[in-house]
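First comes the structure, then the notes that go with it.
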Amino acid sequence: MIKRVIVLLFLLGLGLLFIAFMQGYTPDSELNLTGRYYAEHTAQDIGATNIVTAIIVTYRGLDTIGEVTVLFLTAAIVGMLLSRGNRKGKSLQRELPQSGELLTTGSYLLVPLILLLGAYVFINGHLTPGGGFQGGAIVASAILLMLLTDPLRHFSHQLIAIVESISGLLFVIIGVLGLFYAGGFLDNRILPTGELGSLFSAGAIPVIYSLIGLKVGAEFSSMLVNLSETEDS
Amino acid sequence: MNEMLMPAVTLLFAVAMIGAAFVAIQVKQISIAMLAAGLVSLLASVLFLFFAAPDVAMTEAAIGSGLTTFLFFFVLGRVRGGQRD
Amino acid sequence: MVQIAMATGFILILMGLYGALTNHNILRIIVSFSVANTGVNIILVAVGYMHGRTAPILNEAVPVAEAAARIIDPVPQALVLTAIVIGLGITTLMLAFAYKLYERKGTLDISKFSELKW
């Protein structure tokens, strides 16, 4: 098999590059300039205790807008690829086994708790590990549990789209407000930074991260619902 | 954690991850390969916790090992039948 | 410890690429790509780690004044967080295309898709 030999040669070359990289690598013992700046200035400037959150939401907030835009595009393309044109009239007619009593009852108990955990994770993103992306994924997993309990349940695509677009719009509006009332686009100091470590601190970061959480949760949910509503072919 | 223990535990996780990755790319049944890929992600998220990255660990556990595996299975459920490996 | 994790990441990348290049089933190719993706994330986190330091979260253990001497580099972590989220987006997109191809042809064998082959 000539093809396999070529693949192995390619991987061998790549492996040699990796080995060369590892031999030349010495771990830093001091923070580099960027890391040092973030470590020293986050507490005074941003007021967030979680420095990763401060980087994602404020210092590199523009990249995060790009990231949620990429996610939105992904959800839109998945919806476009998997849409069935006029599906009206012939609804899904799959014969499915009844989901068990345990799963149904358990999901009634667990779904509100999972949603609550998701909201907690993205509201406390500036204090503890976590934030909008993790919280959004947790919210989407609550939707996933509902899908597993009743695969034929109809989720309102319109509601998902409305939540997603409103939170995206508010995210950008808050960013523009920063342009007028604070230092620049997505500056979090349009609200007072407050006391370090309390829930209502770090300016607009909890608001922005909650909006990101809702948006990401809606996007993941729409991907899951779209993929789950495809029919057997 | 203990100074001696950390490299040993890291090595253990590394071996487990490489084994799971081997299963993921070599095993015959696709469903087992998908579960093994999810296992690689899950072990990676514990490794991230050792490397003092709790944010990344949470993201990897929720997204990389949770949602991704379920997306794989949704698609696998649709294409099963009429399909030989 | 950093070296172990980096070696693991590199091995995972190589294994994932090998699986993606040699398997014939599109779903298995996507699974292999997700393994390689995990390997890249492990390497990036390992590069940011510094021995004897703690997570970049300010609390009682890490007072603000000593933060620069006590925490590890937060920038790679922010990068990896983005990479994981986008990785799910890419995987979903690949899966949607795989489903579409299956619908069109009734097979997922990559060697049967030869329209653009020359």
Side-chain angles (χ1 to χ4, degrees), chain A residues 3-4 7-8 10-11 14-15 18-19 21-22 25 27-32 34-36 38-40 42-44 48-56 59-60 63-64 67-68 70-71 73-75 77-78 81-82 127-129 131 133-134 136-137 196-197 216 219-220 223 226-227 230 233, chain C residues 1-3 6-7 9-11 13-15 17-18 20-22 43 46-53 55-60 62-82 84-86 88-93 95-97 99-100 102-104 106:
Chain A
K3 198 177 149 198
R4 191 158 293 224
V7 167
L8 283 176
F10 168 69
L11 290 180
L14 208 59
F18 287 161
I19 289 172
F21 175 76
M22 273 194 71
Y25 175 76
D28 292 343
S29 54
E30 285 292 309
L31 282 182
N32 55 21
T34 326
R36 175 176 294 275
Y38 290 150
E40 282 168 354
T42 296
Q44 296 95 317
T49 55
N50 187 346
I51 297 176
V52 176
T53 298
I55 292 176
I56 287 180
Y59 288 122
R60 291 265 159 252
D63 299 352
T64 306
E67 185 183 356
V68 291
V70 170
L71 268 188
L73 277 177
T74 310
I77 293 172
V78 169
L81 277 177
L82 301 179
L127 302 175
T128 51
F133 296 105
Q134 296 91 328
L196 188 70
V216 170
E219 277 154 357
F220 285 164
M223 289 178 201
N226 272 322
L227 273 175
T230 54
S233 50
Chain C
M1 184 182 159
V2 174
Q3 274 80 8
M6 277 172 83
F10 284 136
I11 292 172
I13 292 177
L14 291 177
M15 287 174 82
L17 282 181
Y18 175 79
L21 289 172
T22 53
I43 292 172
V47 166
Y49 183 74
M50 272 174 268
H51 186 73
R53 297 197 180 202
I57 294 173
L58 307 167
N59 53 12
E60 296 81 29
V62 185
V64 177
E66 301 171 23
R70 301 286 288 275
I71 64 168
I72 65 170
D73 197 349
V75 182
Q77 295 195 13
L79 194 65
V80 173
L81 215 113
T82 309
I84 292 173
V85 177
I86 298 296
L88 176 67
I90 294 170
T91 308
T92 316
L93 212 52
L95 285 171
F97 277 115
Y99 175 73
K100 211 60 189 167
Y102 179 78
E103 212 178 42
R104 185 68 58 81

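Below, chain A is the first sequence line, B the second, and so on; all start at residue 1. Values below: every heavy atom of this structure, side chains too, minus hydrogens, waters and symmetry copies.
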Could you tell me the separation between the CZ atom of C:Arg53 and the CG atom of C:Asp73, rounded to the nearest 0.5 Å?
-> 9.0 Å
Residues two or more places apart in sequence or in another chain: which of them pass side chain to side chain donor-acceptor pair (under 3.5 Å) with A:Arg4?
-> C:Tyr18
Under 4.5 Å to a heavy atom of chain C? For A:Val52 that would be both
Non-hydrogen atoms of chain A under 4.5 Å away: do they reach the side chain of C:Ala7, the backbone, both or neither?
-> both
Cut-off 4.5 Å, heavy atoms of chain C, and the answer for A:Tyr59 is neither
Is a side-chain donor or acceptor of A:Asn50 paired with a backbone partner of C:Ile57 at a separation under 3.5 angstrom?
-> no
Where A:Val78 and C:Ala96 come nearest, the two heavy atoms and their spacing = CG2-CB, 4.1 Å
Proximal component of C:Ile43, with respect to chain A [non-hydrogen, under 4.5 Å] = neither
Residue, of C:Ala55, C:Ala78, C:Pro76, that accumulates the most heavy atom pairs under 4.5 Å with chain A = C:Ala78
Could you grab the distance from atom CD of C:Gln77 to atom OG1 of A:Thr53, nearest 0.5 Å is fine?
-> 10.5 Å
Among C:Leu17, C:Ile13, C:Ile90, C:Thr92, residue most engaged with chain A (heavy-atom pairs, under 4.5 Å) = C:Thr92
Tell me, for A:Ile19 versus chain C, whether the close heavy atoms (under 4.5 Å) come from the side chain, the backbone, both or neither.
-> neither
Sort A:Ile55 into side chain, backbone, both or neither according to what part of it lies under 4.5 angstrom from a heavy atom of chain C.
-> side chain
Can you tell which part of A:Phe133 gets under 4.5 Å to a heavy atom of chain C, answering side chain, backbone, both or neither?
-> side chain
Measure C:Val2 against the heavy atoms of chain A and call it side chain, backbone, both or neither at under 4.5 Å.
-> side chain
Could you tell me which non-hydrogen atom of A:Met22 sits nearest to which non-hydrogen atom of C:Gln3, and how far apart they are?
-> CE-O, 3.5 Å
Can you tell which part of A:Glu40 gets under 4.5 Å to a heavy atom of chain C, answering side chain, backbone, both or neither?
-> side chain
What are the two closest heavy atoms between C:Gly48 and C:Ile72, and how far apart are they?
-> O-CB, 3.8 Å
Part of A:Leu81 lying under 4.5 Å from any heavy atom of chain C | both
For A:Tyr25 and C:Ala46 the tightest heavy-atom approach is OH-O, 4.1 Å
Chain A interface, residue from C:Leu79, C:Val85, C:Val75 that has the most non-hydrogen pairs under 4.5 Å = C:Val85
Rounded to the nearest 0.5 Å, how far does CG of C:Leu81 lie from CD1 of A:Ile56?
-> 4.0 Å
Residue C:Ile84 versus chain A: region with a heavy atom under 4.5 Å | neither
Side chain to side chain donor-acceptor pair (under 3.5 Å) partners of A:Glu219, counting only residues at least two apart = A:Lys215
Report the option among A:Leu227, A:Leu127, A:Asn32 that has the most heavy-atom pairs separated by less than 4.5 Å from atoms of chain C.
-> A:Asn32
